[in-house]
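Bear in mind the structure is a predicted one, so any value in this text is a computation, not a measurement. Count residues from 1 along the sequence.
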Amino acid sequence: MDEYLSDKEQVERMRQWWRENGWFLIGGVALGLLGLYGYNQYFAYRDRQSEDAAALYAAIKQETEDGDTAGAATQLAEMRSQFPDHVYTHQAALLLASAEIVTAPDDAAEKLRFTMEHSDDPELAMVARLRLARVLAYRDRHQEALALLDVPEPGQFGGRIAEIRGDIHVALGETDAARTAYLQAMVAPGAELLDRSFLQMKLSDLPGTVPEPAPAAEAAPDVSADAAEAPAEAAPAEPAPAQPGEGQ
């Protein structure tokens with residue numbers, strides 16, 4: 001502001017500026033406060049959701065441990081309707097599917113597929129994928145299981161994927177493909193997480209697998225040649241016959 005203006009003129013200019021821009025200033029402050037309020041409310045809402053989802057997960061976990069899979073399934077259906085994208089929902093589906101794999105494999109497959117397709121956690125989704133592949137193979141849906149294992153970049157799950165693929169080829173009677181898959185599992189990323197002795201046993205049990213030769217026994221020393229080359233011991237000399245007249 002011009003320093004040569006009088007105080008009255010400066011006040012008048014400030015009033016004019018306020019009349020022209022005051023509402024914008026008030027609106028900006030109001031929007032900032034409203035945004036801060038909304039931000040806090042959003043995170044408070046998320047916290048309440050997490051608490052509610054955690055409570056449902058705990059109930060499902062307890063019912064699953066008690067063998068009440070029907071009650072756990074009812075709780076999971078409610079959880080999926082209220083929190084379809086929450087990580088607790090995906091973990092609960094994975095938990096219940098593990099309990100249903102033998103008794104209700106089709107229900108387990110549906111829950112595993114739900115987790116695989118909706119989880120934002122890539123590792124959790126991959127675990128669901130591998131378990132689903134085993135369930136499908138158990139239901140003799142081998143080609144569908146193999147297609148499910150066709151993952152472009154499996155990362156540290158490469159070894160486990162190759163092992164499961166080998167198991168499926170064994171079930172199909174495809175020995176060469178199974179051998180190739182098992183050998184891949186031994187060198188793929190994540191191979192250190194596998195039970196290598198069990199994997200080697202699977203490989204050795206395949207038809208046509210030549211067992212590793214046992215280490216050759218150490219040859220016993222040939223003493224006959226040594227005996228032949230050793231000089232014969234001299235026989236004790238016989239006493240000379242006594243001459244007549246000796247000893248008399």
### Query
Checking side-chain contact (heavy atoms from CB on, under 4.5 Å) for the pair Leu172/Leu146: CA distance, chi angles, key distance, verdict?
CA-CA 11 Å; Leu172 291 171; Leu146 286 174; 4.2 Å; yes
### Query
Passes side-chain contact (heavy atoms from CB on, under 4.5 Å), Val87 versus Asp120? Steps please.
CA-CA 8 Å; Val87 63; Asp120 293 331; over 6 Å; no
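Residues Tyr88 and Tyr57 share a closest heavy-atom pair of O-CD1, 3.7 Å. For Gly158 against Ala188, the heavy-atom pair with the smallest separation is C-CB, 3.8 Å. Considering every non-hydrogen atom in both Ala137 and Ala145, the closest pair reads N-CB, 4.1 Å. Of all the heavy atoms in Pro207 and Thr175, the pair that sits closest is O-CG2, 3.4 Å.
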Quick one: side chains of residues 74-81, donor-acceptor pairs under 3.5 Å with protein atoms, not counting sequence neighbours, listed by atom name and distance.
| from | atom 1 | to | atom 2 | distance (Å) |
| --- | --- | --- | --- | --- |
| Thr74 | OG1 | Ala70 | O | 3.2 |
| Glu78 | OE2 | Gln82 | NE2 | 3.1 |
| Arg80 | NH1 | Glu110 | OE1 | 3.2 |
| Arg80 | NH1 | Glu110 | OE2 | 3.3 |
| Arg80 | NH2 | Glu110 | OE2 | 3.0 |
| Ser81 | OG | Glu78 | O | 2.7 |

Can you list, pair by pair, the side-chain donor-acceptor contacts under 3.5 Å of residues 189-196, counting residues two or more places apart and other chains?
| from | atom 1 | to | atom 2 | distance (Å) |
| --- | --- | --- | --- | --- |
| Asp195 | OD1 | Ser197 | N | 3.4 |
| Asp195 | OD1 | Ser197 | OG | 2.8 |
| Asp195 | OD1 | Phe198 | N | 3.3 |
| Arg196 | NH1 | Met186 | O | 3.2 |

What pairs of donor and acceptor atoms, side-chain ones from residues 159-169 against any protein atom, are under 3.5 angstrom apart with sequence neighbours left out?
| from | atom 1 | to | atom 2 | distance (Å) |
| --- | --- | --- | --- | --- |
| Glu163 | OE2 | Lys202 | NZ | 2.9 |
| Arg165 | NH2 | Leu149 | O | 3.2 |
| Asp167 | OD1 | Tyr182 | OH | 2.5 |
| Asp167 | OD1 | Lys202 | NZ | 3.1 |
| Asp167 | OD2 | Arg134 | NH1 | 3.3 |
| Asp167 | OD2 | Lys202 | NZ | 3.1 |
| His169 | ND1 | Glu174 | OE1 | 2.6 |

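Every pair passing ring-ring contact (aromatic ring centres under 6.0 Å, His included) that includes a residue from residues 99-142 is listed here, sequence neighbours excluded: His90-Phe114, Phe114-His118. Pairs engaging residues 95-104 under the salt bridge (Lys or Arg N to Asp or Glu O under 4.0 Å) rule: Glu100-Lys111 [sequence neighbours left out].
With sequence neighbours excluded, the residues that form a side chain to side chain contact (heavy atoms under 4.5 Å, CB included) with Leu183 are Arg179, Leu203. Taking the side chain to side chain contact (heavy atoms under 4.5 Å, CB included) definition, one finds that Ala109 meets it with Leu132, Val135, sequence neighbours left out. Residues satisfying the side chain to side chain contact (heavy atoms under 4.5 Å, CB included) test with Glu123, not counting sequence neighbours, are Asp121, Phe157. With sequence neighbours excluded, no residue satisfies ring-ring contact (aromatic ring centres under 6.0 Å, His included) with Phe83. Applying the side-chain hydrogen bond (donor to acceptor under 3.5 Å, both in side chains) rule to Asp66 yields the partners Gln62; only residues at least two apart in sequence or on another chain are considered. Remark: Asp106 pairs with Arg139 by the salt bridge (charged side-chain N to carboxylate O under 4.0 Å, His left out) rule, at least two apart or across chains. Remark: Arg131 engages Ser98 in a side-chain hydrogen bond (donor to acceptor under 3.5 Å, both in side chains) (not counting sequence neighbours).
Under a hydrophobic-cluster definition in which Ile, Leu, Val, Met, Phe, Trp and Tyr are linked whenever side-chain heavy atoms come within less than 4.5 Å, directly or via other members, Val127 and Ile101 are assigned to the same cluster. Ile60 and Leu94 fall into different hydrophobic clusters, where Ile, Leu, Val, Met, Phe, Trp and Tyr residues are linked whenever their side-chain heavy atoms come under 4.5 Å apart, directly or through other members. Hydrophobic clustering of Ile, Leu, Val, Met, Phe, Trp and Tyr side chains at less than 4.5 Å, counting indirect connections, keeps Val170 apart from Leu148.
The closest donor-acceptor contact from the side chain of Thr89 to the backbone of Asp85 lies at 3.5 Å or more, if one exists at all.
A heavy-atom distance below 4.5 Å is found between the side chains of Thr69 and Leu96.
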